Amino acid sequence: MTKPLQIQQHASLKPFNTFGIEVKAHYFAPIESIDHLSELLAQKTFHGMPKFILGDGSNILFTKDYEGLVIKNAIKGIQPLSEDDDHIWIQVGAGENWHDFVMYCVEKGYGGVENLSLIPGTVGAAPIQNIGAYGAELSDTFHQLIAANLSDGSIRLFSQEECQLGYRDSVFKNQYKNQYVILAVTFRLNKKPKFRVDYGNLKETLQQMQVKELSIKAISDAVIQIRRSKLPDPKELGNAGSFFKNPLTTSSHLNELRKQYPDMPHFPTQHEDSVKIPAAWLIEQCGWKGKRQGNVGIHDKQALILVNYGAGNSAEIQKLAHEIQQTVYDKFQIKLTPEVNLI
């Protein structure tokens, strides 16, 4: 049974962001249902007030206290809708933990999200960011989503085309930023999976694990093993995963850079004259990996991850991020863009 709506004032957000930054929300309300949301939005106190939707807080950096209403999305539920010989469509509550949903799919033998194992966050946050890892993206299995307009509570269905999913991007980071709360996401999963193992060291890890026959579970296990070996647990060391996006540059710029850095890694994109460069490689080449500045630093196993050693604040993290961006630009003339959302 759904609990009554509870609204807190001057609530600490430290438990709700994986960087572990101490900031407060003027108002804070967890919602477990559409009824909760409707009740919340109907209150005159919140009309015209800034609102922020919070999932697991795993891809954000709070830069200051939030002078508005923070809505913690806790809408749960996993419900198969329909299926045919090749696919099954499943609707998932936006407050479900992403990795828990992936494990549900792995257990059932539904393919398409196994490469995205152990990515932190909620299902509702996944399409906003169009999460991706190891050669797969949410857009590969995304079908549609249901969202509510924060201004009037009206419900709208968004197709994949309407969501405009791009590289770590969607319409909810641009045109509709802070205008909607995602309620549920529907996925189209494969009953006859197609395996993707050519990205990063996935194939090598599968060989080390002595996997003789590829399966959804084997790929998921390999991804989990890789992520755990490289990425710090936010419960032990504050972080928000990859802080920067992998930047794009032109083929001609890459060719110029490779005269000086012949081993520079790169990946093709959908555009003929555009290539993707691993941000971690650029940062590591600038000598940042494992460096510490006071209470914050760069992880010693993954240069893309900025960490809070416990007493750090957002100003320290932002200063470090800016210095990294500057040194990478000075050395390679490539701009790094944050993947983490600054609030």
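Predicted model only: the values in this text are computed from it and were never measured. All residue numbers refer to positions in the sequence shown, counting from 1.
- Under the side chain to side chain donor-acceptor pair (under 3.5 Å) criterion, no residue pair touches residues 231-242, with sequence neighbours excluded.
- Counting only distance, with no hydrogens or angles, the side chain of Asp56 and the backbone of Asn97 share no donor-acceptor pair below 3.5 Å.
- Considering CD1 of Ile155 and CG of Asn149, their distance stands at 9.0 Å, rounded to 0.5 Å.
- Counting only distance, with no hydrogens or angles, the side chain of Asn308 and the backbone of Phe19 share a donor-acceptor pair below 3.5 Å.
- With hydrogens and angles disregarded, no donor-acceptor distance shorter than 3.5 Å links the side chain of His143 to the backbone of Gln91.
- Looking only at distances, a side-chain donor or acceptor of Asn115 sits under 3.5 Å from a matching main-chain atom of Arg196.
- We find the OG-CD distance between Ser215 and Glu114 to be 9.0 Å, quoted to the nearest 0.5 Å.
- Between Lys245 and Asp169 there is no salt bridge, since none of the side-chain N atoms of the basic residue sits less than 4.0 Å from a carboxylate O of the acidic one.
- Under the 30°/60° scheme for interplanar angles, the aromatic rings of Tyr261 and Phe332 are found to be tilted.
- For the ring pair (Phe, Tyr, Trp, His ring centres under 6.0 Å) test, residues two or more places apart in sequence or in another chain that qualify with Phe267 are Tyr199.
- Atom-to-atom distance recorded for Gln325:CD and Asp330:CG is 11.5 Å, nearest 0.5 angstrom.
- Ring planes of Phe158 and Phe172: perpendicular class, angle over 60° (limits at 30 and 60°).
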For this session: Output, in order, the C-alpha distance, side-chain angles, deciding distance and verdict of side chain to side chain donor-acceptor pair (under 3.5 Å) for Glu323 and Gln293.
Result: CA-CA 11 Å; Glu323 289 179 18; Gln293 283 189 0; 2.8 Å; yes
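- Note that CD of Glu162 is 10.0 Å distant from CD of Gln175, once rounded to the nearest 0.5 Å.
- No hydrogens or angles considered: nothing links the side chains of Ser151 and Gln179 as a donor-acceptor pair under 3.5 Å.
- Not a single donor-acceptor pair under 3.5 Å links the side chain of Ser159 to the backbone N or O of Gln144.
- Checked for salt-bridge contact, Asp65 and Lys24 miss the test: no charged N lies under 4.0 Å from a carboxylate O.
- No donor-acceptor pair under 3.5 Å is formed between the side chain of Asn190 and the backbone N or O of Lys192.
- For the atom pair Leu61 CG and Ile21 CD1, the distance stands at 6.0 Å (nearest 0.5 Å).
- The closest donor-acceptor contact from the side chain of Arg168 to the backbone of Gly132 lies under 3.5 Å.
- Of the possible donor and acceptor atoms, one in the side chain of Glu316 sits under 3.5 Å from a partner among the backbone N and O of Asn313.
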